[in-house]
Amino acid sequence: MSFEVKVSRRLGKAMVACNFLAPNGLTALFGPSGAGKSSVLNMVSGLLRPDHGRIVVGGQVLFDSAAGIDIPVQQRHSGYVFQDARLFPHMRVRANLAYGARGDGPMSQADVIDFLGLAHLLDRWPRSLSGGEAQRVAIGRALLSNPRFLLMDEPLASLDRARREEIMRTIERLRDEVGLPILYVSHDRAEVERLAGAIVEI
Amino acid sequence: MSFEVKVSRRLGKAMVACNFLAPNGLTALFGPSGAGKSSVLNMVSGLLRPDHGRIVVGGQVLFDSAAGIDIPVQQRHSGYVFQDARLFPHMRVRANLAYGARGDGPMSQADVIDFLGLAHLLDRWPRSLSGGEAQRVAIGRALLSNPRFLLMDEPLASLDRARREEIMRTIERLRDEVGLPILYVSHDRAEVERLAGAIVEI
Amino acid sequence: MTPEELEIVRLSLRVGAVAVAACLPVAFALAWALARGRFPGKVMLDALIHLPLVLPPVVTGWLLLLAFGPQGPIGAWVEQALGLTFMFRWTGAALAAAVMALPLMVRAMRLSIEAVDQRLEAAAMTLGASRWRVFRTITVPLALPGVIAGTVLGFARSLGEFGATITFVSNIPGETQTLPLAIYSALQVPGGEDAVTRLAATSVALSLIALVVSEMLARRMGRSSHVL
Amino acid sequence: MTPEELEIVRLSLRVGAVAVAACLPVAFALAWALARGRFPGKVMLDALIHLPLVLPPVVTGWLLLLAFGPQGPIGAWVEQALGLTFMFRWTGAALAAAVMALPLMVRAMRLSIEAVDQRLEAAAMTLGASRWRVFRTITVPLALPGVIAGTVLGFARSLGEFGATITFVSNIPGETQTLPLAIYSALQVPGGEDAVTRLAATSVALSLIALVVSEMLARRMGRSSHVL
Amino acid sequence: QEKGPLVLAAASLQEAMTDAAAAWARKGHPRPVLSFAASSALARQAEAGARADLFASADEEWMNYLQGKSLLKSGTRARLTENRLVLVAPLPSRLNLQITRNFPLAKALGTRRLAMADPAAVPAGRYGREALSRLGVWTGVAGKVAAAENVRAALALVERGAAPLGIVYATDAMASRRVRVVGTFPATSHQPITYPVALLATSRHGDAEAFRRFLISREGRAIFLRRGFGQRR
Ligand SMILES: Nc1ncnc2c1ncn2[C@@H]1O[C@H](COP(=O)(O)OP(=O)(O)OP(=O)(O)O)[C@@H](O)[C@H]1O
Ligand SMILES: Nc1ncnc2c1ncn2[C@@H]1O[C@H](COP(=O)(O)OP(=O)(O)OP(=O)(O)O)[C@@H](O)[C@H]1O
Ligand code: MOO
Ligand SMILES: [Mg+2]
Ligand SMILES: [Mg+2]
């Protein structure tokens, strides 16, 4: 099992609840706008504390309200690609990529820069990037942190077809060759059907 | 002609240039990430000043570097849906929608709230909205300002299929019944093929 | 508290309130100009605003006396044009407090104005809002934390202002004798410590109230802060 | 300038620099606690920090004298434990300047810390950064405008500090006689206006330099500001 | 070079005390270190246990205060010098007034104010108030007083024309080029204005007592006389 998630959490008047067991590979989180997809990713990453529940990823218990387990965000080693890019505005692209970098990841820095087409952006400040450029840097930053699993919130939404294709191929490689568990939010059915081993409706 | 755009502008080391005549209806701006699509919309809206060129929308000259014409942003009445939602964080959703509202637009406030599914969000603060909810409010805000033309930068990127379908139908109506010129950025080929009367590659 | 002390408190509050109220628009305009403007002499303007902070208060009071005294160029003009006298009047104490509070208010507001996301102002402009409306409805509310912080700092500074006030308008009970001046007088005589303690405690209580109110205000305005 | 005046300027700069440098980490920690913390007595801490602003400086000086004087509880302890004397020493002048500058520094920094987008800190945490690293590499740099503004305000305030200093550590040439105290002395001498003018101009020049440097720094750091 | 004794002296003594220290240094002694501030601040510093050698106060009260707390070396308190009170007006003023019982001070002021050091606090102000009371005019002008932080600030108010009349020390009036002495208050109208000096109990400096003796010697008094201090008729 890559993901074992059973959580509920109150947000304002809304209640986000989700319960699924996902096999190895990539699991797509699918659902209408406002259903709670980003909230689930936040809970798996450790940024949002569920009111109740249990989260296991790759065999490791990250959260268990009954057992009083709550691994801190820093030690979960999620590779989180946020819905908004969240680049650090006071660091150049190069420093953003390096921020979480831990050696011996599934991909070398050169590879990541190459396949995301970031070479000409390394010395730029985030505020000068286009929407898609920022999104690509965010993907690179997450991949370089040598994560134990990936959380991707519509990572390809603002990318063109060619770039999208290339990134999807890389995601497939990470899924198959490296065996990274991936939780993936997307509204694009084609994307989901191609990548996902399991689809969770929320 | 709905849009007559011939502009060039230096941005850092990059140069954004674009030259097209678009017929009535919806014109899609298509191109890879970083090509300059958002920059073109910014120029048409008046937020970014071209170094050279001429912009005519619906017969009105908005910018002409040779003739020294540069209609201020406020008087261009563009309905701009930004790539990032840019909601006003200190106003509730209701106030955000009302901010630019001018009566006698193509759609009543009730219609807009209804077809975008915003009714239950009216009293919420923007920071508590999900990505797609914020995007929908941004679309509503632009439509309610009774614009002379629409600029839409990937407005449907983070929306689910059902919602997307409904909004596309509304956009078609605005295009056909109201005759609003629309400049539309998207990476989704299906979307573009369905909506666009003309496609401009950049 | 004795009736005289109550009178002193009332006067201090009036002086502080008027000083801060009068300063607010001026300080915001200056902060805005410094945050957004590109004009020659900007650094000079900035330095001028900081002067009352850098100079010993007595010198500021003395300069006020030179400028706004009966023989001062501005004082004479203001008196004629507006019928406003500062010399030996509570208005003069408010002027001194305002001048001393100004740099603190400007800095705080400037900091907040610089932090305003100009993309939001751009969005408002595309919605047809005039520059003035954008300023009023977007810039000012988003800079509110700085306005609140500046107001608190300015009010606290006004409550504590001593040197410039006594030098400019001297120490006249019921007219210019604010709390610090009363405290100073009490400190000058051997055994005045009791009165000092009582008056100082009053000052502290007033500022505590101002702080609590400002924190409550800030919290009510805090909706714009970011969450997860 | 005469050699004595040069000496005064040097002393003022030393006092101001040491005061601000010593205050910086303390002020930032306090600002952080006030901006982010939820703890009982928060308003009290806030009020305590504001005290030197609200009280007339002479009272602050007197309280410093009581606490840090040779027989004061803290003064005696510090002298024994650290071998640091404040009485009649430039270190005392720096302490007074630091205490007076503290509220200004804390407020400016707090304002900037409150404006930091906590989602960026969250992003850094998912990348494995410890709380301390997040603080060092995200929070502090993003709050830099407030740090710079606070430092400028604090330094300017230190340069202008008079009442607390003269009350606490007296007016001793070469040891505690900073620019404002020298100006006071010059004001006591009829016909001392020339010296006053010269010394005040020096103060102003120093603060102008500090301002220009801070503006340059701020501009170099200004990359994080938003554009269109 | 060796430092002289630390002297805490009232601000109004600044010039004369500086002259005296210079004269003392010329005799081959280490130059005394002088700290000028309000007498109240200096007395509090001495009270807090600060180590200083000499205290020269602008009035007897603060000296009494320290003596009462046994902070003076016994037998070292002495009179340093004296001063007189004068009524001053801005130089261009033509005002003429005889300072006698019930003299028309209130009328001379009209709607304007009388500048003086704070009569509730500062020594010069207290002497001034006493003099006006004994002359029977205090009640008439009490509401018209502009109380300044110290004598010098009161003088500045007159110099700048903010006040048409002011009460200051003769020494201040003598040193200012912008004011005119309208009259001197009779010595009988107030307590003698005396400046006491004494060795502080904490004094350790070997030269302190010698300097104190110098200050009250004939030579020392002459220095103060030159700066306008002393009882002249
Ligand atoms: N201030 C700047 N300095 C340097 N380059 C800039 C600056 N602003 C924009 N650019 C560059 O200009 C190009 C056009 O940007 P724009 O945002 O218009 O692209 P886009 O077509 O909208 O891309 P996307 O689909 O990724 O949003 C990008 O390559 C961007 O990096
Ligand atoms: N602080 C809050 N107060 C009230 N409601 C909240 C708050 N935060 C989130 N919500 C609500 O919780 C629900 C789930 O939000 P979430 O961001 O997880 O949705 P999502 O599935 O990611 O949507 P999208 O596809 O639009 O990004 C939304 O309806 C949102 O409005
Ligand atoms: O020397 Mo004083 O203490 O100003 O009268
Ligand atoms: Mg989401
Ligand atoms: Mg774009």
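The sequence lines fix the lettering, A, B, ..., with proteins before strands; numbering per chain opens at 1. What you see is a predicted model, and the numbers here were worked out from it, not measured in a lab.
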Presence of salt bridge, Glu60(E) and Arg79(E), under 4.0 angstrom: no
Toward chain D, the part of Gln45(E) with a non-hydrogen atom under 4.5 Å: both
query: Is it true that Lys73(E) and Glu209(E) have a side-chain N and a carboxylate O under 4.0 angstrom from each other?
result: no
task: Report yes or no: do Ser176(E) and Glu159(E) form a side-chain donor-acceptor pair below 3.5 Å?
output: yes
Contacting moiety of Leu34(E), where chain D heavy atoms sit under 4.5 Å: backbone
- prompt: Hey, are Asp19(E) and Arg227(E) close enough for a salt bridge, meaning a charged N less than 4.0 Å from a carboxylate O?
  reply: yes
- request: Start with the C-alpha gap between Arg152(E) and Leu187(D), add the side-chain angles, then the distance that decides, and say whether side chain to side chain contact (heavy atoms under 4.5 Å, CB included) holds.
  value: CA-CA 8 Å; Arg152(E) 296 288 318 151; Leu187(D) 270 175; over 6 Å; no
- prompt: With a 4.5 angstrom heavy-atom cut-off, which part of Arg51(E) approaches chain D: side chain, backbone, both or neither?
  reply: backbone
- request: Please look at Gln177(D) and chain E and tell me whether the side chain, the backbone, both or neither of the residue comes under 4.5 angstrom of a heavy atom of that chain.
  value: neither
task: Name the region of Val169(D), side chain, backbone, both or neither, that has any atom closer than 4.5 Å to a heavy atom of chain E.
output: backbone
